[in-house]
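Structure first, then comments.
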Amino acid sequence: MNVAVADTEPLGERQTLFNVFSLLEEQARIEPEKLAMIQAGQRNKHGQFEYRKQSFAKLVNEIESLSAGFAQLGIGQGSKVLILVKPDIQLVSVTYALFRLGAIPVIIDPAIGFSRLLHCIEEAAPDALLALPLVHAIRPLFPRTFKSVRIFITNGCKISPRVHRLQKLMQTNAPVPAVAPTHSNDVAAIFFTSGSTGIPKGVESQHGHMRAQINIMRDLFDFDRHETDLAAFPVTMLVSPALGRTCVVPNLGSLHPAKCKPENLVQAISDFNVAACFASPIVWERLSLYCTENNLQLSSIHCAYSGGAPIPGKLVKRVCDIIPNGRMLTPYGATEATPIAIMDAEEILAETAQLTTKGHGVCVGRPVAGLQVLIISQQAEAIADFADITLLPQGQRGEIITQGPLVSERYHGRDEATRMAKITELDKATGATRIWHRTGDIGYFDDKGRLWFCGRISHITYHKNQAFYSVQAEEIVNAEVDIWRSALVNVEVNQEQELVIVLEPHSEHRKTVSTERQQRILQTLHAHGFPVKFSFVFPQAFPVDRRHNSKIERPTLAEWAQKNMIKGVTLL
């Protein structure tokens with residue numbers, strides 16, 4: 001049977017009283033004067049960053065003040081509050097204040113695009129809006145989008161009598177309300193997906209889900225509460241303080257990860273002896289190249305984490321080279337369930353990276369404790385009952401599904417999406433139900449119990465009615481020294497589906513990938529069983545998701561390739 005199983009959360013615990021704020025509150029009781037949050041501001045005249053620092057005691061005091069201010073406006077248990085502000089340490093105070101009240105922060109990345117953002121806001125139907133002044137300025141132009149909102153808050157200057165200032169709410173004399181008596185299965189937050197395969201969906205994360213995720217990360221990564229994290233991933237800002245760790249929020253120099261300034265990260269790591277760093281592959285690419293080119297090593301880091309997209313073996317090697325006293329881990333997961341599996345760079349470099357370059361896919365490691373992971377037969381229809389799944393044997397590719405205490409159970413306001421992505425399992429002994437999440441990813445287990453990722457179902461390509469999986473082919477090409485990324489897509493030629501590989505060379509090689517070079521790449525793919533007929537060099541950086549700047553927008557590249565067939569190189 002193609003399965004890996006770990007212990008799951010006791011069914012009775014899902015109904016217990018629990019509020020995720022209590023995790024942070026406990027850390028403040030243990031060590032109130034310890035620094036919880038550090039925010040990098042602008043550089044001073046000496047070229048050093050000015051930092052805003054906040055102890056655990058001050059953080060909790062700010063959270064309590066905000067919860068009093070929010071409650072005074074009528075925000076309480078079950079209220080949905082849309083947050084559209086920059087990811088800084090104030091966001092941590094706001095989010096935990098809402099957790100404390102039992103209110104539900106709605107987190108949407110504005111980088112998903114304006115039209116998608118408007119769609120998601122309308123779908124979420126928030127009761128309150130906390131946003132930048134610019135958002136409030138344009139809000140009247142879109143009355144339908146914000147029709148559900150009755151409470152308006154800005155983190156800047158007051159713009160109208162109806163809009164409350166966040167700073168003023170923090171200074172209220174209103175009594176601090178008690179922590180809301182939420183249960184483990186109450187919704188704590190709604191996190192919207194990146195939308196890499198369609199309109200982003202709002203994932204309902206329960207208080208119990210968040211507790212499980214935080215506890216798993218503590219145990220999995222062997223976190224010491226006396227260490228310091230660098231949060232190049234915004235979600236780290238919510239996790240680190242709940243574990244009693246100091247969290248440094250760097251000045252990335254840009255809201256777009258692909259344009260981040262690695263020198264800023266290096267300085268923050270040095271200034272605070274950072275032990276762990278969380279970032280997307282594109283940030284690690286820029287940071288590792290900068291350190292390599294400038295002969296720098298990040299000696300304080302003992303754990304480096306990358307997530308959001310597959311990471312090439314050559315990048316893993318480069319990151320490992322700049323953290324001589326540390327190791328790199330590559331968690332695999334999704335907004336609906338993170339992490340699902342974990343892989344150590346040592347194992348990648350010693351074994352699986354070589355298999356990846358031969359078309360095996362990307363090994364994402366073994367399932368984390370607390371989760372069950374299965375491989376089932378791929379099908380386009382909804383699967384209502386767990387009894388209707390078809391388990392696949394070890395080594396056979398199929399859809400990855402998972403179940404456990406950190407797996408979300410539904411999408412907010414998207415019943416059809418929930419029906420398509422969730423499978424219900426009835427425990428006949430207890431009468432309880434378990435919800436399995438269909439990841440939409442294709443993968444398989446090897447004979448060592450390791451999970452391999454082959455690509456998204458929506459990215460499967462076809463040639464002569466045979467399916468080919470994006471990541472398996474792309475990682476063969478991505479191993480080439482001059483190629484940063486590639487994308488396997490379909491085009492139509494004479495009413496037949498043909499395979500195309502679109503290349504994004506490293507910037508210094510963009511103009512030097514010759515026709516002969518592309519033909520050699522096609523020959524390599526053919527040698528590994530991928531009958532790719534055409535190769536294209538994309539003239540600029542790939543279109544990618546705007547959250548991680550790592551997930552490739554393959555449909556856009558397929559459309560571009562179809563329109564530019566005359567520019568393609570074919571195998572002679």
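Any value given below was found using the heavy atoms of this structure, including those in side chains, with hydrogens, waters and symmetry copies removed.
Put simply, OG1 on Thr461 and CD on Gln466 are 9.5 Å apart, with the number rounded to the nearest 0.5 Å.
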Output, in order, the C-alpha distance, side-chain angles, deciding distance and verdict of side-chain contact (heavy atoms from CB on, under 4.5 Å) for Thr356 and Trp452. CA-CA 10 Å; Thr356 294; Trp452 289 74; 3.9 Å; yes
Worked verdict on Asn478 versus Ser486 for side chain to side chain donor-acceptor pair (under 3.5 Å): CA-CA 6 Å; Asn478 295 349; Ser486 60; 2.8 Å; yes
Pair Arg43-Asn264, side-chain contact (heavy atoms from CB on, under 4.5 Å): steps then yes or no: CA-CA 10 Å; Arg43 293 184 185 272; Asn264 292 7; 2.8 Å; yes
Test side-chain contact (heavy atoms from CB on, under 4.5 Å) on Arg485 and Val544; report intermediate values, then the result. CA-CA 11 Å; Arg485 288 183 287 210; Val544 292; 3.7 Å; yes
Evaluation steps, side-chain contact (heavy atoms from CB on, under 4.5 Å), between Ile383 and Ile376: CA-CA 11 Å; Ile383 305 174; Ile376 65 171; 3.9 Å; yes
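In Lys261, the NZ atom is not crowded: 12 or fewer heavy atoms of neighbouring residues, nucleotides or ligands sit closer than 6.0 Å.
Between Phe278 and Val235 the shortest side-chain heavy-atom distance does not fall below 4.5 Å. You'll find the side chain of Ile151 stays beyond 4.5 Å of the side chain of Asp127, heavy atoms only. Here the side chains of Trp560 and Val502 are in contact, with some heavy-atom distance below 4.5 Å. Looking only at side-chain heavy atoms (C-beta outward), Met237 and Gln39 stay at 4.5 Å or farther from each other. Considering only heavy atoms from C-beta on, Ile501 stays 4.5 Å or farther from Ile476 through its side chain. Side-chain contact between Val569 and Ile521 is absent, with no heavy-atom pair separated by less than 4.5 Å. For the pair Val249 and Val92, the minimum side-chain heavy-atom distance is 4.5 Å or more. Within the 4.5 Å cutoff, side-chain heavy atoms of Ile153 are placed close to those of Leu73.
A donor-acceptor pair under 3.5 Å is formed between the side chain of Asn490 and the backbone N or O of Glu498. His207 places a side-chain N or O within 3.5 Å of a backbone atom of Val20 that can act as its donor or acceptor partner. Between the side chain of Lys80 and the backbone N or O of Val106, no donor-acceptor pair lies under 3.5 Å. In this structure, the side chain of Glu399 engages the main chain of Gly440 through a donor-acceptor pair within 3.5 Å. Formation of a donor-acceptor pair under 3.5 Å by the Ser79 side chain with backbone atoms of Gly76 is found in this model. Ser148 contributes a side-chain N or O that, together with a main-chain N or O of Pro126, makes up a donor-acceptor pair within less than 3.5 Å.
For Met565, the side chain to side chain contact (heavy atoms under 4.5 Å, CB included) test picks out Val491, Val493, Phe534, Phe536, Gln562, with sequence neighbours left out. Applying the side chain to side chain contact (heavy atoms under 4.5 Å, CB included) rule to Ser205 yields the partners Phe191, His209, Met210; only residues at least two apart in sequence or on another chain are considered. With sequence neighbours excluded, the residues that form a side chain to side chain contact (heavy atoms under 4.5 Å, CB included) with Ala180 are Asn19, Gln77, Thr182.
Between Phe114 and Phe142, the ring planes lie perpendicular to each other; the angle is over 60°, past the 30° to 60° tilted range. A tilted orientation is assigned to the rings of Tyr332 and Phe453, their planes being inclined by 30° to 60°.
Under 4.0 Å is where a charged nitrogen must lie from a carboxylate oxygen, and between Glu204 and Lys422 no such pair does. Using a 4.0 Å cut-off between charged nitrogen and carboxylate oxygen, Arg554 and Glu474 count as a salt-bridge pair.
Cation-pi contact between Arg116 and Phe192: absent, since separation from the ring centre below 6.0 Å together with deviation from the ring axis within 45° is not met.
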